[in-house]
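Proteins come first, then strands; the chains are lettered A, B, ... in the order of their sequence lines, and each starts at number 1.
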Protein chains: 2
Amino acid sequence: MKSPVHLNALRAFEASARHKSFSAAAAELNVTPAAVGQLVRTLEEWLGMPLFHRASSGRVRLVPTEAAERALPDIRAGFDRLALGLERLKEGSASNVLTVTVSPAFAAKWLLPRIDRFQAAWPDTDVRLDTNHKPVDFAVQRVDVGVRYGPGNWPGLEAEKLMEEEVYPVCSPGLLREHGRLRKPTDLAREILIHDLSMDGYTGFPSWMAWLKKAGVAGAATPRGMQINNSAAVLQAAIDGHGVALARSVMVRDDLAAGRLVRLFPEVECASALAYYVVYRPECGNLPRVKAFRDWLFTEVAAG
Amino acid sequence: MKSPVHLNALRAFEASARHKSFSAAAAELNVTPAAVGQLVRTLEEWLGMPLFHRASSGRVRLVPTEAAERALPDIRAGFDRLALGLERLKEGSASNVLTVTVSPAFAAKWLLPRIDRFQAAWPDTDVRLDTNHKPVDFAVQRVDVGVRYGPGNWPGLEAEKLMEEEVYPVCSPGLLREHGRLRKPTDLAREILIHDLSMDGYTGFPSWMAWLKKAGVAGAATPRGMQINNSAAVLQAAIDGHGVALARSVMVRDDLAAGRLVRLFPEVECASALAYYVVYRPECGNLPRVKAFRDWLFTEVAAG
DNA sequence: CTGGAGTTAAAAGAAAAACTTTGTCGATAT
DNA sequence: ATATCGACAAAGTTTTTCTTTTAACTCCAG
């Protein structure tokens, strides 16, 4: 845990390596080139090895040693992280921008239609959305809170279950009228099934294959299909009457309520092993803006 | 990118918060308590806010402010990362321990049976194995190189394809003799299929379901099965004659060669979308020990 | 109650850095 | 050739950091 070295020397080294020049580094650090040179030399003596190949000729005279090159990414990451910590100190809880990370589909289908109510309740808080498929690094991306889909364990993060979820087929009312013969799951064999590729990475998420099995449709000999890489687009395709989609209850709540989609075969229950969780860094759980958003999420869910 | 603060003051703050005492922090940093106190005070003045609640009574007199508490994890992470960078500087390429991360099954079934030859060729290099299911953070775990299974894109890491892979059913010779009727894939319906749960998390990895479909076995009405959570144990169960396993070519190469297992239905080809990759941090690719290991892996694969 | 051991706090002086100044040298560009 | 630019070196200066000392305070033991 001890880093007994001259931290300033390390910083001088980093800047020099970045600019490949003592002078440029000196300019950045608001000191004279000689000062930087001395710091770096001190560090080199302390380590017992050179950090730069000093070329007395050529345009670039300062080339980091191989060992230096190897250590630089870590040193940079270290300083970055420290700067982040400082920033966090300075802002304190004063900042009024709340950064939320969610998946694009969840943003479009659940959060955005409701976010007005949060902004109305907390007009002084600016919400910044960070829509991303993959879980992001909360620390480096300066994310305050996220709503994430998964099994509920994120390393180093607090997670509270927000909503459980069911999975069922949906289609447009028009499609249902035309192909009026969608009475039992086996009728799906004649329909175009819309597959959601974006959920492939989630272990435990029911695919069409799994749902059909659960519905008792044996040997679902791969009916005609359509592959779409985005959950929101999957639902849009279903709304447009292009086929039958396997929908997540959370995502289609509004579309069902508005009559844009209808649920098929409610008698088949298929719960997802995954759920939506509110996720945040433990040390940020007490931030007023985070607490406010978390509480708002839960009331919003409770309100149906 | 600038962190113009007194870095030493930050360190003093961190140590004080950790020990909840200036004196203890001072002992750690080999200075007097007064020095630590001053550093922290200057930091507080610079920030314009207190960092500790000074209790004049009670056993613990130094309690970090909420803002401080929130910033501490980042500050710690920053110093840790810096220390790591320093370590990397000091060792240089001199270290002779090579840390390799692989999955437990790959270690057992492929790497360990061959590792002797690497150690013979590089007797001065100590190999440390880090067997883990999940991809680890190469930086914080001080991992030099890994052999990982997946689609080939790891953020921030260099990846070179080492081996492609096929998937096919295998069983013990004994089982094949007794149930001599394993002539075509549909015969599998009467066998116990061993499922490898540990591969569930890998998108694109063929399951029994997918293989049967590919083999033209329609409506594989879930034959009797056995679920095992570990690839090596799956193969061991097959070797022991408990059923038919869906094996990855890389894993069973030795078992097939030794006659412990036999491949079934070689006429059905089922390539995995995934492959084995050599993975390492870009900045470490030139380390002699990493280069040596990488080259050895490729010659080992080429040798069959 | 009283004294010792443990804190933090505040001052001033001592020590150790970090930095600047000045000047030299080699290589490059004009 | 010569002006320029950047690294290097040595000496001097400034600033920061640390220690020392003193004081005030709390807790605990006698």
Side-chain angles (χ1 to χ4, degrees), chain A residues 2-65 68-69 75 79 82 86, chain B residues 2-65 68-69 75 79 82 86:
Chain A
K2 273 183 61 175
S3 45
V5 199
H6 319 276
L7 291 169
N8 295 311
L10 261 190
R11 192 163 50 180
F13 159 61
E14 191 278 329
S16 305
R18 183 151 31 86
H19 291 122
K20 300 196 192 317
S21 152
F22 285 167
S23 310
E28 172 181 315
L29 301 173
N30 294 314
V31 293
T32 56
V36 176
Q38 280 180 77
L39 281 180
V40 170
R41 187 137 27 85
T42 316
L43 191 56
E44 286 177 319
E45 278 165 18
W46 185 83
L47 287 168
M49 57 159 64
L51 291 172
F52 292 102
H53 298 292
R54 263 81 161 188
S56 61
S57 75
R59 179 150 304 280
V60 175
R61 308 188 184 180
L62 219 52
V63 176
T65 298
E69 201 77 70
I75 292 174
F79 280 125
L82 279 185
L86 266 184
Chain B
K2 270 182 65 175
S3 45
V5 200
H6 318 277
L7 292 168
N8 294 311
L10 261 191
R11 192 163 49 178
F13 159 61
E14 191 279 328
S16 305
R18 183 152 31 85
H19 291 125
K20 300 197 194 316
S21 151
F22 286 168
S23 311
E28 172 182 316
L29 301 173
N30 293 314
V31 293
T32 57
V36 176
Q38 282 179 77
L39 281 179
V40 171
R41 188 138 25 85
T42 52
L43 189 57
E44 285 178 319
E45 279 165 18
W46 185 82
L47 287 168
M49 57 159 63
L51 292 172
F52 293 103
H53 299 291
R54 262 81 161 190
S56 61
S57 74
R59 179 145 307 278
V60 176
R61 309 188 184 181
L62 220 52
V63 175
T65 299
E69 202 76 71
I75 293 174
F79 280 125
L82 279 185
L86 267 184

remark   = Contacts of A:A27 meeting side chain to side chain contact (heavy atoms under 4.5 Å, CB included) (sequence neighbours excluded), chain-then-number -> none
key: Considering all heavy atoms, the nearest B:A24-B:H19 contact   = CB-CB, 3.5 Å
task = Take atom CG of B:L43 and atom P of D:dT16, then tell me their distance rounded to the nearest Å.
result = 15 Å
key: Distance in angstrom units between B:N8 CG and D:dT16 P, rounded   = 13 Å
key: Whole-Å gap separating P (C:dA9) and CZ (B:F52)   = 10 Å
message = What is the separation between atom NE2 on B:H19 and atom P on C:dT8, rounded to the nearest whole Å?
response = 12 Å
B:A26: partners by side chain to side chain contact (heavy atoms under 4.5 Å, CB included), with sequence neighbours left out = B:V31, B:P33, B:V36
key: Set of side chain to side chain contact (heavy atoms under 4.5 Å, CB included) partners for A:L39, sequence neighbours left out   = A:A9, A:A12
Residue list, side chain to side chain donor-acceptor pair (under 3.5 Å) with B:Q38, at least two apart or on another chain = none
request  = Give a yes or no on whether a salt bridge exists between A:E14 and A:R18, defined as a side-chain N under 4.0 angstrom from a carboxylate O.
outcome  = yes
remark   = Heavy atoms of A:F79 and A:L7 approach each other most closely as CZ-O, 4.1 Å
key: Separation of D:dT17 C1' from B:N30 CG (nearest whole Å)   = 15 Å
query = Does the side chain to side chain contact (heavy atoms under 4.5 Å, CB included) test come out yes or no for A:T65 and A:M49, once each step is laid out?
reply = CA-CA 9 Å; A:T65 298; A:M49 57 159 64; 5.9 Å; no
Are any protein N/O atoms closer than 3.5 Å to N/O atoms in nucleotides 15-17 of chain C? If there are, list each pair with its distance.
none

task = Treat primed atoms plus P, OP1 and OP2 as sugar-phosphate and everything else as base, then score nucleotides 4-15 of chain D 5' to 3': B for base contact with protein heavy atoms under 4.0 Å, S for sugar-phosphate contact only, - for none.
result = -BBSSB------
